[in-house]
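Read through the structure below, which is laid out as C-alpha cells, and then see the notes.
Residue indices begin at 1 and follow the sequence shown. For ligands, and for the atoms within them, numbers begin at 1 and follow the listed sequence. Atoms considered below: every heavy atom in the structure, side chains included; atoms not considered: hydrogens, waters and symmetry mates.
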Amino acid sequence: MEIINRRKRMSSVARKIRREENRTIGFVPTMGALHEGHLSLIHEARAMCDVVIVSVFVNPAQFGANEDFKTYPRDLTRDCDLLAEYNVDYVFAPGVEEIYPPGFATYVTVEELSEQLEGASRPGHFRGVTTVVAILLNVMRPDFAFFGQKDAQQAVLIKRMVRDLAFDVEIVVLPIVREESGLAMSSRNQYLNEGQRRAATVLHRALSAASAEYREGERSPARLLQGVRDAIEKEPLARIDYVSVNDAETLEKLDKLDDRPALISLAVFIGKTRLIDNIVLGKTKKQDAAGARA
Ligand code: AMP
C-alpha cells in the first residue's frame, strides 16, 4: 500500500492504472478516524474494482466557523494500518494546500438541494463537500466512487453533481452500518461519553418506531414526525436540530406519503455533539436486503 500526499503524484498513478494497466479504480473518500462504516465502503470497492484508492482528508471547506474542524479526530497511522489490512492499494492523504493551493477560487454548488436539511443548519457545508469531491474525482478519475447512506443528503447531492457536470463515474451508495445498540457509526461518536452514547441510541429507536408505524399503514408525515420528536424529547440529553420527511431521491418535502421511497432524516445534539441519522421508508427489496446484511 502506498501513501500519497501530492495531488500530482496521485493523478499520475491513477492515470497509469487506467491507461497503461487498463484496470478499474474504486475510490472511497473519507475524513479518516475510520470505523466499520468506512470499512464497509472499502470492502465493496475491493469486491467491485481492481484498484482501491481511499482518501483521508479533513476538508476545512465543509466545516462552519464554529464547528469542529480543529478538534475533528485525526489518526493517520491507525487509519493506514486498517487500510492495509483491507488490502487498499493507495491512500491519498494530502495537506490542505495540495487541495486548495494559494489563489484557489473555484467552487461547485448544487443549487437548492444544498440549502435544505443539513444545508440549512450548516450553511456552506455542501459547497465544501461538492467542491472537494469534484477535485478528488478529477484527480483520481475513478470508475466507481463509494458513499454511505449515513450522509443521505450528501449522496443525493453528489449524484446530482455527477449527472449535471457529466463526471464519468458511477456513484455507489451503501447502507448505514450501526453498532449493536443501533447507534449509526460515526467518527464523531468519539466525542460521546458513556451516558451520552447510551442517550444517542434514541435516534435509531425513534426512526425505527416511525418505520414500524409506516409499515403498519401510517402515511401522514406530520404524525410520523411527531412520533419521532416525542421519542427524542423523552431523552433528557438530546436536543433536536431538525427532523424531516422528504422524497428520498429528490429531497422534496412531502405532505403525504405515497409509493415513492421517503427519507426521514434528523440531526440531534447529544450534549455538544451533533449527530445525524436517517431511515428510508418504502425501500426497494434490494435496499432491504443490503440493510439487513449491514
Ligand atoms: P466521513 O469520513 O464521515 O466523511 O465519511 C466518509 C464516507 O463514509 C461517507 O460517504 C459517509 O457517508 C460514509 N459513512 C460514514 N459513516 C457511515 C456508516 N455508519 N455507515 C455507512 N457509511 C458511513
- Item | Check: Glu44 side chain, Leu174 main-chain N or O, donor-acceptor pair, under 3.5 Å | no
- Query: Are the side chain of Asp89 and the backbone of Val52 linked by a donor-acceptor contact shorter than 3.5 Å?
  - Reply: yes
- Item | Heavy-atom gap Ala155 to ligand 1 smaller than 4.0 Å | no
- Message: Counting only heavy atoms closer than 4.0 Å, does ligand 1 sit against the backbone of Ser187, its side chain, both, or neither?
- Response: neither
- Message: Using a 4.0 Å cut-off to any heavy atom of Ile176, which atoms of ligand 1 qualify?
- Response: 20 (N), 21 (C)
- Query: If you measure every N/O of Thr30 against every N/O of ligand 1, is any gap under 3.5 Å?
  - Reply: no
- Could you find the nearest protein heavy atom to atom 20 (N) of ligand 1 and give me its residue, atom name and distance? Val177 N, 2.8 Å
- A student checking ligand 1 against Met185 at a 4.0 Å heavy-atom cut-off should list atoms 16 (N), 17 (C), 18 (C), 19 (N)
- Does the Asp277 side chain pair with the main chain of Leu183, one donor and one acceptor, at a distance under 3.5 Å? no
- Task: Check for a donor-acceptor pair, side chain of Arg223 on one end and backbone N or O of Glu218 on the other, with a separation under 3.5 Å.
- Result: no
- Donor-acceptor pair, side chain of His204 and main chain of Thr201, under 3.5 angstrom: no
- Is a side-chain donor or acceptor of Glu67 paired with a backbone partner of Phe69 at a separation under 3.5 angstrom? no
- Query: So, does Leu41 sit close enough to ligand 1 that a heavy atom of it is under 4.0 Å from the ligand?
  - Reply: yes
- Item | Test of proximity, Phe147 against ligand 1: N or O pairs below 3.5 Å | no
- Task: Check if Gln154 has a non-hydrogen atom at a distance under 4.0 Å from any atom of ligand 1.
- Result: yes
- Is there a donor-acceptor contact under 3.5 Å from the side chain of Glu170 to the main chain of Val172? no
- Message: Considering Lys150, Arg178, Glu179, Arg188 one by one, which has a heavy atom nearer to atom 17 (C) of ligand 1 than any of the others?
- Response: Lys150
- Task: Could you establish whether His35 and ligand 1 come within less than 4.0 Å of each other, counting only heavy atoms on the residue side?
- Result: yes
- Contact partition for Ala33 relative to ligand 1, non-hydrogen atoms under 4.0 Å: neither
- Task: Indicate yes or no: does an N/O atom of Gly148 lie under 3.5 Å from an N/O atom of ligand 1?
- Result: yes
- Measure the distance from atom 6 (C) of ligand 1 to every protein heavy atom, then report the residue, atom name and distance (to 0.1 Å) of the closest one. Pro29 O, 3.4 Å
- atom 11 (C) of ligand 1 sits nearest the protein heavy atom Asp151 OD2, 3.1 Å
- Item | Donor-acceptor contact below 3.5 Å, side chain Ser121 vs main chain Glu118 | no
- Item | Protein residue, atom and distance nearest to atom 21 (C) of ligand 1, heavy-atom basis | Pro175 O, 3.4 Å
- Message: Show every salt bridge (Lys or Arg N to Asp or Glu O under 4.0 Å) that has at least one partner inside residues 12-36, sequence neighbours left out.
- Response: Lys16-Glu21, Glu21-Arg23
- Message: Return the closest protein heavy atom for atom 5 (O) of ligand 1 as residue, atom name and distance.
- Response: His38 NE2, 3.4 Å
- Item | Residues Glu2, Arg9; criterion salt bridge (Lys or Arg N to Asp or Glu O under 4.0 Å); working and verdict | CA-CA 11 Å; Glu2 182 182 339; Arg9 164 86 187 144; 3.0 Å; yes
- Query: Can you find an N/O atom of Met31 closer than 3.5 Å to an N/O atom of ligand 1?
  - Reply: yes
Side-chain donor-acceptor distances from residues 91-109 under 3.5 Å, at least two apart:
| from | atom 1 | to | atom 2 | distance (Å) |
| --- | --- | --- | --- | --- |
| Glu98 | OE1 | Arg7 | N | 2.8 |
| Glu98 | OE2 | Arg6 | NH1 | 2.9 |
| Tyr100 | OH | Asn59 | OD1 | 2.5 |

